[in-house]
Amino acid sequence: MSNKLSDNFGYLFEDELINEISKIGTLKLFSSNEIIIEIDDYIKSMPLLLSGAVKILREDEKGEELVLYYLEKGDTCAMTLSCCMGQTKSKIRAVAETDTELILLPKEKMAEWLGTYKSWQSYILQSYHFRMDELLEAVDTIAFLKMDERLFKYLKDKAMVNNNDILTTTHKEISEDLHTSRVVISRLLKKLENESKIKLYRNSIKVLAL
DNA sequence: ACATTAAGTGATT
DNA sequence: AATCACTTAATGT
């Protein structure tokens, strides 16, 4: 575990902190599509991502979803940061996009290390900053981009976090992630295919223009 | 062969 | 961009 740790966090944290993380943290594996954090879960530990990708979703009263952003290796979740500080429940859902390895740290430690490790403190603050940026980007995408642009961005993002230009999903799943209807997605995908940006198959899509 | 699920299409709001 | 109604195509039993 400590070699995986140094691979992903070695350039951020001093050896001493890496050691402490590997001593205290527990390694957990999630397979693709497994739910890591559910809405209203109490969060008792914070995750550090070693490999894979995690999709962060918001859900409305009707159970309709909306993808906010993806976390990749070296990232942590801003929601848990705020949850670990207070006693709030999670307001988002985290689903493993690919097979994912992460380290869980007890929340007491994360507060404690803020005082003891400078590198930890800057990591936490930077993470907040990055997540905030990503959230703003998500807002911009929803507010200012048309559906076809949103869709293409979604496909590119998904291809990137999966390290694969062939995406295995259905039009229905995409429409749920983007909070729209399947028919709209089918039509826009068809349009993107005509523009030679993607190629459509049953249950999969190949992204051409990366 | 039949049922189910994914995807395509025209028309309407 | 959403919804409806319907068709076509692929896949599972």
Side-chain angles (χ1 to χ4, degrees), chain A residues 28-41 47 49 51-73 75 77-79 82 89-102 129-210:
Chain A
K28 269 213 111 188
L29 301 177
F30 291 91
S31 44
S32 183
N33 290 320
E34 236 187 295
I35 292 175
I36 298 172
I37 295 170
E38 185 53 274
I39 293 165
D40 284 350
D41 272 3
L49 254 145
S51 71
V54 179
K55 183 163 74 176
I56 306 297
L57 311 159
R58 195 90 166 89
E59 193 183 71
D60 69 10
E61 323 78 48
K62 295 216 153 57
E64 310 269 314
E65 299 182 334
L66 177 65
V67 171
L68 293 179
Y69 52 79
Y70 290 97
L71 298 177
E72 293 176 89
K73 65 173 189 298
D75 289 340
C77 176
M79 194 70 234
S82 51
K89 295 186 272 188
S90 179
K91 294 188 170 107
I92 50 90
R93 174 181 300 140
V95 184
E97 170 75 17
T98 62
D99 290 354
T100 298
E101 292 176 292
L102 49 82
H129 177 233
F130 283 149
R131 269 352 110 207
M132 175 69 89
D133 275 359
E134 273 178 319
L135 212 52
L136 286 177
E137 194 186 323
V139 171
D140 285 351
T141 303
I142 295 159
F144 304 134
L145 293 187
K146 292 186 192 135
M147 202 61 214
D148 56 344
E149 295 170 296
R150 272 182 70 192
L151 173 61
F152 192 50
K153 182 181 187 305
Y154 169 87
L155 295 174
K156 283 191 290 187
D157 282 353
K158 202 176 168 80
M160 200 180 304
V161 298
N162 281 286
N163 280 316
N164 195 164
D165 56 352
I166 296 171
L167 307 173
T168 315
T169 64
T170 62
H171 299 185
K172 184 163 165 290
E173 281 174 18
I174 297 172
S175 70
E176 284 164 2
D177 279 356
L178 295 181
H179 200 183
T180 178
S181 69
R182 195 228 90 216
V183 195
V184 170
I185 294 299
S186 292
R187 289 205 165 106
L188 293 174
L189 283 173
K190 197 83 213 165
K191 210 177 90 191
L192 288 172
E193 188 180 37
N194 288 332
E195 294 166 3
S196 313
K197 290 182 176 167
I198 57 170
K199 188 104 184 72
L200 297 174
Y201 308 91
R202 182 175 232 250
N203 286 313
S204 66
I205 296 166
K206 180 167 186 174
V207 183
L208 300 173
L210 282 173

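Chain identifiers are assigned alphabetically (A, B, ...) following the order of the sequence lines, protein sequences preceding nucleic acid strands; residue numbering begins at 1 within each chain.
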Check: protein-nucleotides 10-13 of chain B nitrogen or oxygen pairs below 3.5 Å:
unit_1 : atom_1 : unit_2 : atom_2 : d
B:dG10 : N7     : A:R187 : NH2    : 2.4
B:dG10 : O6     : A:R187 : NH2    : 2.7

N/O contacts under 3.5 Å, protein versus nucleotides 1-5 of chain B?
unit_1 : atom_1 : unit_2 : atom_2 : d
B:dT5  : O2     : A:R202 : NH2    : 3.0

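In 5' to 3' order, the nucleotides of DNA chain C bounding all contacts with chain A (an atom under 4.0 Å from a heavy atom) are C:dA1 to C:dT11.
Interatomic distance, CD1 of A:I35 versus CG of A:D41, reported as 9.0 Å (0.5 Å rounding).
For the residue pair A:D60 and A:H179, the shortest heavy atom distance occurs at OD2-CE1, 3.6 Å. Listed here is the closest heavy atom pair of A:S51 and A:E101: OG-OE1, 2.8 Å. Scanning all heavy atoms of the two residues, the minimum distance from A:D40 to A:K89 falls at O-CD, 3.2 Å. The two residues A:S196 and A:L208 make their nearest non-hydrogen contact at O-CD1, 3.5 Å.
The backbone N or O of A:E59 lies less than 3.5 Å from no partner atom in the side chain of A:R93, so there is not a single donor-acceptor pair. When atom types are taken as modelled, the side chain of A:D99 and the backbone of A:S32 share a donor-acceptor pair closer than 3.5 angstrom.
Base engagement by A:S181 is indicated by at least one non-hydrogen atom pair under 4.0 Å involving a base atom.
Using a 4.0 Å cut-off between a side-chain N of Lys or Arg and a carboxylate O of Asp or Glu, A:K199 and A:E193 qualify as a salt bridge. Salt bridge status for A:K146 with A:E149: absent, with no side-chain N to carboxylate O gap under 4.0 Å.
Following rounding to the nearest Å, A:K190 (NZ) and B:dA6 (P) show an atom-to-atom distance of 17 Å. Whole-Å rounding puts the A:Y201 OH to B:dG8 C1' distance at 18 Å. Between the NZ atom of A:K191 and the P atom of B:dG8 there is a distance of 15 Å, given to the nearest Å. Atom CD in A:E173 sits roughly 14 Å away from atom C1' in B:dA7 (whole-Å rounding). Between the P atom of B:dA7 and the CG atom of A:L188 lies a distance of 14 Å, rounded to the nearest Å.
A heavy-atom distance below 4.0 Å to DNA chain B is reached by none of the residues of residues 151-159 of chain A.
For A:K153, the salt bridge (charged side-chain N to carboxylate O under 4.0 Å, His left out) partners two or more places apart in sequence, or in a different chain, are A:E137, A:D157. Not counting sequence neighbours, the partners of A:R131 by the salt bridge (charged side-chain N to carboxylate O under 4.0 Å, His left out) test are A:D75, A:E134.
Looking only at side-chain heavy atoms (C-beta outward), A:V161 and A:T98 stay at 4.5 Å or farther from each other. The shortest distance between side-chain heavy atoms of A:I36 and A:L102 falls below 4.5 Å.
Between the base of B:dA6 and the side chain of A:R182 there is no donor-acceptor pair shorter than 3.5 Å.
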